[in-house]
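Shown next, in structure tokens, is the structure this report addresses.
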Amino acid sequence: MKGKHLWWIAGSLAAILLGLMILYISVYNILEERRTEGADTALKTVQKKAGDVKVVENYTFNSSAPFEILFTTSNDKDMIYYVNKKSGTIADRIDKKDFVPREEIVDRWEDSCRNCSFTHIQPAYKDGTPSWEVTFTDQEGRYGLAYFDGETGEEFQRFAFKKNE
């Protein structure tokens, strides 16, 4: 009799673990689809204007409107396209060689914020300008955002938000 109970318990635990694994995979797939939704539409928009291009990297940036930022390559050159997801139009584009490299922006940010802790950097489209967005924690423990012009590398905006405790 004891053996049957152990099998029921083991079978129940296996079923629960299988159910949790299926739930995890489902939630992961939904989140991944939401993260990348709009990238295909943005690529089609770019391909209508620029011809055959291949996406190397893509990012989403939300400001006054959500933007899909596509780093593309083609036979001619490497470009960065800023596609307005609401209107489905190309808001801006820039030749990748004219866009300040990520490493240079991080170096400039480190020079301007010596006692800060770097978190993340990503392309942005702020105030109609191809940009970089740097996220960090400053010396006072506040969460910060710094925006650098993508063509000149100059910082043009910085925010700091107090943490709720």
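Here the shortest heavy-atom pairing between S63 and F61 reads CB-CE2, 3.5 Å. For H120 against F118, the heavy-atom pair with the smallest separation is C-CZ, 3.6 Å. Nearest heavy atom pair, residue E57 against residue R102, reads OE1-NH2, 3.9 Å. A pairwise comparison of heavy atoms in C113 and F136 identifies SG-CE1, 4.2 Å as the closest pair. Annotation for D138 and A160: closest pair OD2-CB, 4.1 Å, computed over non-hydrogen atoms. The minimum heavy-atom distance between D92 and G128, with the atom names listed, is OD2-O, 4.0 Å.
Exactly one of F99, W109, F148 qualifies for a ring pair (Phe, Tyr, Trp, His ring centres under 6.0 Å) with W132. That residue is F99. Partner Y147 forms a side-chain hydrogen bond (donor to acceptor under 3.5 Å, both in side chains) with one of K126, E133, R158 and no other, that one being E133.
Rounded to the nearest 0.5 Å, atoms OH (Y82) and CD1 (I90) are 12.5 Å apart. In this structure, CD1 on I80 lies 12.5 Å from CZ on R93, to the nearest 0.5 angstrom. Between the CD atom in Q157 and the CG atom in D149 there is a gap of 12.0 Å [rounded to 0.5 Å].
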> Is there a side chain to side chain contact (heavy atoms under 4.5 Å, CB included) between I94 and E151 once you walk through the steps?
Replying inline: CA-CA 9 Å; I94 183 172; E151 293 178 278; 3.1 Å; yes

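When hydrophobic clusters are built by joining Ile, Leu, Val, Met, Phe, Trp and Tyr residues whose side-chain heavy atoms come closer than 4.5 Å, directly or via intermediates, V134 is grouped together with V106. Under the 4.5 Å side-chain heavy-atom criterion for Ile, Leu, Val, Met, Phe, Trp and Tyr, F156 and I69 are members of the same hydrophobic cluster. A continuous path of hydrophobic side-chain contacts links I121 to F159 [ILVMFWY only; heavy atoms under 4.5 Å].
By the 4.5 Å heavy-atom criterion applied to side chains, V55 and F71 are not counted as neighbours.
Ion pairing of R108 with E154 is present here, as a side-chain N (NZ or NE/NH1/NH2) and a carboxylate O approach within less than 4.0 Å.
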